[in-house]
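Below, each value reflects all heavy atoms present in this structure, side chains not excepted, and no hydrogens, waters or symmetry copies.
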Amino acid sequence: MVEAQSWTTRRGSNPRLESPQDQVLDMPVTPTAEIRQQQYGGISSLVSPNVLTALIIASWYCSNIGVLLLNKYLLSFYGYRYPIFLTMLHMLACGTYSLVAIKWLEVVPFQQIHSRKQFFKIFALSAIFCFSVVCGNTSLRYLPVSFNQAIGATTPFFTAIFAFVITCKKETAEVYLALVPVVLGIVLASNSEPLFHLFGFLMALGSTAGRALKSVVQGLLLTSDAEKLHSMNLLLYMAPMAAVILLPFTLYIEGNVAAITLEKAREDGFMVFLLIGNATVAYLVNLTNFLVTKHTSALTLQVLGNAKAAVAAVVSVLIFRNPVNIMGITGFAVTVMGVVLYSEAKKRSKVTAH
C-alpha cells in the first residue's frame with residue numbers, strides 16, 4: 001500500500017525546494033473589508049454600528065429642524081427679508097460643499113454629465129427645485145414653522161396627483177383613501193390656525209407641490225442607467241444651476257440685496273455667522289439624507305420624515321411661542337396619521353404588484 005503523503009512530506013521531497021532560499025512561506029490571510037476598517041481607523045472603528053446609526057439619525061433631525069428654525073429666525077425675527085437671495089446662498093453652499101465631499105473626500109464616486117440632453121434634464125429639475133425652496137423659505141416669513149410643517153406633510157397628496165396627470169400612473173383604492181385624512185387634517189388646521197396668512201399659505205402649498213413635482217419629474221427624466229445620478233452628484237450639478245436661475249430673480253425682486261447684506265454685516269457681525277451657519281446646515285440636510293439611507297434604508301428615511309414634521313412643530317412652538325389650539329393640533333395629527341396610512345398602503349400595493 002502506498003503511504004499517503006502529507007503536504008509537508010511532499011514539499012520536503014521536492015528537490016527544487018531543498019535550498020533555504022526556496023522555502024515556502026506561509027502567507028497571511030487577506031483581511032476582509034470590516035477587519036481593515038477596524039485596523040486602519042475611521043469613525044466605524046471608534047463606535048459601534050448601532051451608535052453610529054443613532055448619531056447619523058440624530059444629525060439628520062438636527063439639520064432638518066435646524067434649517068427650518070434658522071430660516072424662520074432670519075426671515076421673521078431677525079429682519080432679513082430676502083428669501084430668494086437666502087435660497088441662492090443655500091445653493092452656492094450646497095454646490096461648494098458637494099464639490100469638496102465628492103472630489104476631495106470621495107464620499108461617493110464622481111459622475112459626469114454625458115450629454116446635452118442630460119444637462120437640460122438636470123436644468124429642468126433645478127428650476128423646479130428653485131421654485132420649491134424659494135416658496136418654502138418665503139412662506140416662513142408669514143407662517144409659523146408648525147403650520148408650515150403641517151402643510152408640507154401633504155406632499156403624498158400632490159405626488160399622487162402629479163403621478164396620475166403626468167405619467168397616468170394609478171394607485172390602488174386603498175392608497176387614494178389614505179389621502180383623505182391627509183387633506184382633511186390640513187383643512188382643519190388651516191381653519192383654526194391663529195396666525196393664518198393667505199399668501200404664506202399659498203407659498204407653502206407651492207413649495208409642497210414643487211417638491212412632489214420634482215420627485216415625479218426626476219423619476220421620469222432620469223430613467224436610463226446612463227443618465228441616473230447618485231443623489232450627491234445630482235446635488236453637485238443642480239445647486240450651481242439653481243443659483244444661476246435665482247440670480248436674476250433676486251436682483252429684480254429684491255434689488256441690490258448683496259450691498260444691503262454687506263452693509264448689515266458691517267453693522268452686525270453676527271449676521272455673517274447666521275448666514276454661513278444657515279447655508280452649511282442646508283447642505284447637511286442633503287448629506288444626512290444620504291447617510292441615513294446608506295446606513296439604514298429608504299423606508300427608514302420615509303418613516304423619519306413622517307415623524308420629523310411633528311418634532312419640528314413641537315420644537316418651533318417651544319422656541320418661538322407661537323399660539324396653537326386644540327383644533328390645529330388635531331388637524332396636524334390627522335394629517336400625519338394619513339401620511340403614515342399612505343406609506344403603509346403604498347408598501348402593500350408594491351408587495352401585491354410583485
Side-chain angles (χ1 to χ4, degrees), residues 67-77 79-88 90-91 124-166 179-217 242 245-246 248-250 252-255 257 282 305 308-309 312-313 316-317 320 322-325 327-332 334-336 338-339:
V67 74
L68 283 170
L69 299 180
L70 281 171
N71 286 344
K72 178 64 178 176
Y73 178 75
L74 274 166
L75 295 168
S76 293
F77 294 90
Y80 190 78
R81 304 184 184 279
Y82 308 104
I84 302 176
F85 185 72
L86 183 64
T87 305
M88 192 178 77
H90 288 182
M91 296 301 106
L125 288 175
S126 300
I128 301 172
F129 186 49
C130 282
F131 175 79
S132 176
V133 177
V134 169
C135 286
N137 287 341
T138 303
S139 71
L140 288 172
R141 278 191 59 185
Y142 304 97
L143 298 178
V145 174
S146 54
F147 187 45
N148 175 277
Q149 288 300 286
I151 299 170
T154 61
T155 302
F157 171 75
F158 290 100
T159 303
I161 290 176
F162 286 129
F164 177 75
V165 172
I166 297 174
L179 292 173
V180 174
V182 173
V183 178
L184 178 62
I186 201 62
V187 170
L188 291 174
S190 301
N191 287 334
S192 58
E193 173 57 44
L195 299 178
F196 182 84
H197 190 285
L198 181 59
F199 181 71
F201 176 73
L202 294 175
M203 286 293 101
L205 279 181
S207 174
T208 306
R211 203 158 47 238
L213 179 62
K214 176 182 171 291
S215 66
V216 173
V217 172
I245 293 171
L246 290 172
F249 287 97
T250 187
Y252 178 75
I253 297 173
E254 297 175 333
V257 63
K308 186 262 294 184
S316 69
V317 170
F320 298 120
N322 55 282
V324 292
N325 53 43
M327 190 60 71
I329 295 173
T330 303
F332 191 7
V334 170
T335 295
V336 173
V339 172

Between Ile253 and Ile84, is there a side-chain heavy-atom distance shorter than 4.5 Å? yes
For Val182 and Gly338, work out which heavy atoms get closest and say how close. CG2-C, 3.4 Å
Side chains of Pro248 and Tyr252: does their closest heavy-atom pair fall under 4.5 Å? no
Tell me the closest heavy-atom pair linking Asn325 and Ser192, and the distance in Å. ND2-O, 2.6 Å
Is any side-chain heavy atom of Ile186 closer than 4.5 Å to one of Phe157? no
For residues Lys72 and Leu143, report the shortest heavy-atom separation together with the two atoms involved. NZ-O, 2.8 Å
Looking at Thr335 and Ala150, would you say the former's side chain and the latter's main chain have a donor-acceptor pair under 3.5 Å? no
Is it true that a side-chain atom of Asn148 and a backbone atom of Pro144 form a donor plus acceptor pair closer than 3.5 Å? no
Side-chain heavy-atom pair Thr138, Phe199 within 4.5 angstrom cut-off: yes
Is it true that a side-chain atom of Ser139 and a backbone atom of Met203 form a donor plus acceptor pair closer than 3.5 Å? no
Side chains of Leu75 and Arg81, heavy atoms from C-beta outward: is any pair under 4.5 Å? no
Heavy-atom distance under 4.5 Å between the side chains of Phe129 and Met91, does that happen here? yes
Shortest non-hydrogen pair, Asn322 vs Ser146, comes out as ND2-OG, 3.2 Å
Can you find a heavy atom in the side chain of His197 that is under 4.5 Å from one in the side chain of Arg141? no
More than 12 heavy atoms of other residues, nucleotides or ligands under 6.0 Å from CZ of Phe196: yes or no? yes
So, taking the atom named CG in Asn137 and the one named CG in Leu74, what distance separates them when rounded to the nearest 0.5 Å? 10.0 Å
Got a donor-acceptor contact below 3.5 angstrom from the Thr250 side chain to the Leu246 backbone? no
Of all heavy-atom pairs between Thr159 and Ala212, which one has the smallest distance, and what is that distance? OG1-CB, 3.3 Å
Validation row: Asn191, Met327 side chains within 4.5 angstrom (heavy atoms): no
Rounding to 0.5 Å, atoms CG (Leu68) and OG (Ser316) come to a distance of 8.5 Å
Tell me whether the rings of Tyr73 and Phe77 are parallel (<30°), tilted (30 to 60°) or perpendicular (>60°). parallel
Testing Leu213, Leu205, Leu179 for side-chain contact (heavy atoms from CB on, under 4.5 Å) with Phe158, which one passes? Leu205
Any donor and acceptor pair, going by atom type alone, linking the side chain of Glu193 with main-chain N or O of Phe147 inside 3.5 Å? no
Suppose we call two aromatic rings close when their centres sit under 6.0 Å apart. Are Tyr82 and Tyr80 close by that rule? yes
If every non-hydrogen atom of Cys135 is compared with every non-hydrogen atom of Gly206, which pair is closest and at what distance? CB-C, 4.2 Å
